[in-house]
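Remarks on the structure that follows.
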Amino acid sequence: MEIGFIGLGKMGFPMARRLIEAKHQLTVFDTRKEVVDQLVALGAQAASSPKDVADRCETVLASLPSLQASLDVATGGAAGVIEGKRVRRFVDLSTVGSQMATRIHGLLAAKNIVQIDSPVSGGVGGAEKGTLAVMASGPRADYEAVKPALDVIGKVFFIGEKPGSAQTMKLANNFLSATAMVATSEAVVMGVKAGLDPAVMIDVINAGSGLNTASRDKFPRSVLPRSFDFGFATGLMVKDVRLALAEMKSLGLSMEVAEAVGRLWEVIIRDEGPESDFTAAIKPIEKAAGVVVGGAKGDHAAK
Ligand code: NAD
């Protein structure tokens, strides 16, 4: 397929590279020229704007860091995808929440461009290996048309035809991921305060019923070695937690765990900054407890 790809960051770059390796013809754009150059070296064509991408390709994928970036790229004036001559489908791989997805859907629909909402989960490692969970919503026929491309980046789930429904799915998932990160941090900090070895704790949790993605992946790889380099920014995690809370509120729900988790992530972004890796979430919890969690990687460390 001829595919446009906009936003070549931590997630977008490896996804675009996999599409090139799978013999799709890619036309790429990012505001950072160096990442465009790297993909051109791998066989992509460079475009000069989102509109330029959409002038050349029927299907345009995007992986962007903020709601505003998705809105601007899709519909932002003369240089947006919306003005493209060939584009028929805009596939947004970013996490933007169902309200923004629905807004973009409406603006594009007025120009006969179909939006497929397609947020992903599974981190940079999943993007590199093509093992992401890909959650798609939109008209079924258009979903079928883009599925061969989505199959290259991960396991694809059709969530429904209602605009934004894949975003709701993604926010449910990321609320759990955000909760696992801070809940595991609190559990391990409690143990360390009482004199337990954190590496042993993680091994026990991973062999027991406390197992979760933070204990399985994030602690062995990025927290216990104190590298804090898992590849997902605190700013993006907080964006998703805020979106999940907004989603609950818009549904008339008030949820206790989500609100406590949301308050804690606001402390984390204030203390560690939006550019920090989200595994640094443990630092304010350590500080409040007066301990530092460190040590060997434990038996379950990613090899
Ligand atoms: P990132 O910040 O690493 O990458 C974003 C890219 O978009 C950058 O290359 C940036 O230069 C580019 N960009 C920004 N504004 C642009 C514009 N107006 N036009 C063109 N390019 C523009 O972010 P990321 O970690 O790759 O995340 C992208 C999306 O995927 C986010 O919605 C995030 O929530 C979601 N996500 C990330 C992860 C992860 O582990 N990093 C996992 C799942 C989902």
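Remember, it's 1-based here, ligands and their atoms both numbered in the order they're listed.
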Near F29, which atoms of ligand 1 are under 4.0 Å from a heavy atom of that residue?
-> 19 (N), 20 (C)
Mind telling me whether F158 and Y143 have parallel, tilted or perpendicular rings, with 30° and 60° as the class edges?
-> tilted
Salt bridge (Lys or Arg N to Asp or Glu O under 4.0 Å) partners for K239, two or more places apart | none
Can you give the donor-acceptor pairs under 3.5 Å from side chains of residues 96-109 to other protein atoms, not counting sequence neighbours?
residue	atom	partner	partner atom	Å
S98	OG	E247	OE1	2.8
S98	OG	E247	OE2	2.9
T102	OG1	S98	O	2.6

Against heavy atoms of G9, which atoms of ligand 1 measure under 4.0 Å?
-> 3 (O), 4 (O), 6 (C), 8 (C), 9 (O), 26 (O)
Counting each atom of ligand 1 from 1 as listed, which ones have a heavy atom of L8 under 4.0 Å away?
-> 9 (O)
Evaluate the side-chain proximity of L264 to I285: yes if any heavy-atom separation is below 4.5 Å, no if none is.
-> yes
Ligand-side contact atoms (ligand 1) for residue partner K170, heavy atom cut-off under 4.0 Å = 43 (C), 44 (C)
Would you say the side-chain atoms of N174 and T95 include a donor-acceptor pair closer than 3.5 Å?
-> no
Numbering the atoms of ligand 1 from 1, which are under 4.0 Å from a heavy atom of R32?
-> 8 (C), 9 (O), 11 (O)
May I ask you to list the atoms of ligand 1 that are less than 4.0 angstrom from any heavy atom of V73?
-> 17 (C), 18 (N), 19 (N)
protein heavy-atom neighbour closest to atom 15 (N) of ligand 1 works out as A69 CB, 4.0 Å
In the protein, what heavy atom is nearest to atom 28 (C) of ligand 1, and what distance, to one decimal place, separates them?
-> S63 OG, 3.5 Å
What is the minimum heavy-atom distance between A47 and T27, and which atoms define it?
-> CB-CG2, 3.8 Å
Nearest heavy atom to atom 27 (O) of ligand 1, choosing from D30, T31, L236, belongs to L236
Kindly identify the option in P65, G12, G7 whose heavy atom sits closest to atom 14 (C) of ligand 1.
-> P65
Decide, yes or no, whether a salt bridge links R263 with E259 under the criterion of side-chain N to carboxylate O below 4.0 Å.
-> no
Residue pair V223 / M181, side-chain heavy-atom distance below 4.5 Å | yes
Do R226 and E286 meet the salt-bridge criterion of a basic N to acidic O distance under 4.0 Å?
-> yes
Please say whether L93 places an N or O atom under 3.5 Å from an N or O atom belonging to ligand 1.
-> no
Min heavy-atom dist L64 to ligand 1 below 4.0 Å = yes
May I ask you to identify the nearest protein heavy atom to atom 26 (O) of ligand 1, giving residue, atom name and distance to one decimal place in Å?
-> M11 N, 2.8 Å
Could you tell me whether some N/O pair between K239 and ligand 1 is separated by less than 3.5 angstrom?
-> yes
Taking only Lys NZ, Arg NE, NH1 and NH2, and the carboxylate oxygens of Asp or Glu, determine whether E2 and R86 approach each other closer than 4.0 Å.
-> yes
So which protein heavy atom does atom 39 (C) of ligand 1 come closest to, and at what separation?
-> F232 CD1, 3.2 Å
May I ask you to identify the nearest protein heavy atom to atom 35 (C) of ligand 1, giving residue, atom name and distance to one decimal place in Å?
-> T95 OG1, 4.0 Å
Per-atom contacts, ligand 1 versus V120 - under 4.0 Å to a heavy atom = 43 (C), 44 (C)
Any atoms of ligand 1 less than 4.0 Å from a non-hydrogen atom of S94? List them with their elements.
-> 32 (O)
Heavy-atom count around E256 CD within 6.0 Å, excluding the residue itself: above 12?
-> no
Atom 3 (O) of ligand 1: which protein heavy atom is closest, and how many Å away?
-> K10 N, 2.9 Å
